Amino acid sequence: MRLRAAHMLMAGAVVALAGCDTAEEAVDDAARVTAKATVEKVLTVHLPESVPQAQIGNYSDCIIDNSGVSEIREFAKASVLGVDDDTIKTVRVVLTKPETVTCITKALAGAA
């Protein structure tokens, strides 16, 4: 059931992004949407002490924007198979990248 729901989510994201120029862009965008949901789950459930809950969106945007292809794949995979220690570790690694820290700092300054 969980796998079916994840497939439906991915299919919906692909359909929603059908206006993209190429199929590759649509798949990339769908993976990013799915990855963002996974990152938000990790921040909310597994790392709540690290992130002000009112800022989850800002943090997840910065994490996704500063993730590489392999990291996006890890997050997208976790949306289907479930969050594990590797997923949490990957979120922590991206969260500590200087580019991510800068992005979060700017986002929080803009929110204030």
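Everything numeric in this text was worked out from a predicted model, so none of it was measured.
- Using modelled atom types, one finds a donor on one side chain and an acceptor on the other under 3.5 Å when comparing E40 with S60.
- Counting only heavy atoms from C-beta outward, the side chains of T44 and P48 never approach each other to under 4.5 Å.
- In summary, D61 and R32 do not engage in a salt bridge, as defined by a charged side-chain N under 4.0 Å from a carboxylate O.
- Side chains of L43 and S50 form no contact here, defined as non-hydrogen atoms less than 4.5 Å apart.
- The shortest side-chain heavy-atom distance between V69 and I72 does not fall under the 4.5 Å cut-off.
- L108 is connected to V94 through a chain of hydrophobic side-chain contacts under 4.5 Å among Ile, Leu, Val, Met, Phe, Trp and Tyr, so both are in one cluster.
- If you take CZ on R73 and OG1 on T90, they are separated by 13.5 Å, rounding to the nearest 0.5 Å.
- Taking all atoms of both residues into account, the shortest heavy-atom contact from I63 to F75 is CG2-CE1, 4.3 Å.
- Rounding to the nearest 0.5 angstrom, the gap separating the CG atom in D86 from the CD atom in E74 is 5.5 Å.
- Among residues two or more places apart in sequence or in another chain, the side chain to side chain donor-acceptor pair (under 3.5 Å) test is passed with N58 by Q55.
- Closest approach of A76 and A31 over heavy atoms only: CB-O, 4.2 Å.
- Contacts of K77 classified as side chain to side chain donor-acceptor pair (under 3.5 Å), with partners at least two apart in sequence or in another chain: none.
- Screening I64, I104, T100 for a side chain to side chain contact (heavy atoms under 4.5 Å, CB included) involving Y59 leaves a single residue, I104.
- With contacts defined as side-chain heavy-atom distances shorter than 4.5 Å, the pair T102/E99 does not qualify.
- In summary, E71 and K97 engage in a salt bridge, as defined by a charged side-chain N under 4.0 Å from a carboxylate O.
- Heavy atoms only, all atoms of each residue included: T38 and A78 are closest at CG2-CB, 3.8 Å.
- Residues K41 and V91 fail the side-chain proximity criterion, which asks for heavy atoms closer than 4.5 Å.
- Rounded to the nearest 0.5 angstrom, I88 CD1 and L95 CG are separated by 13.0 Å.
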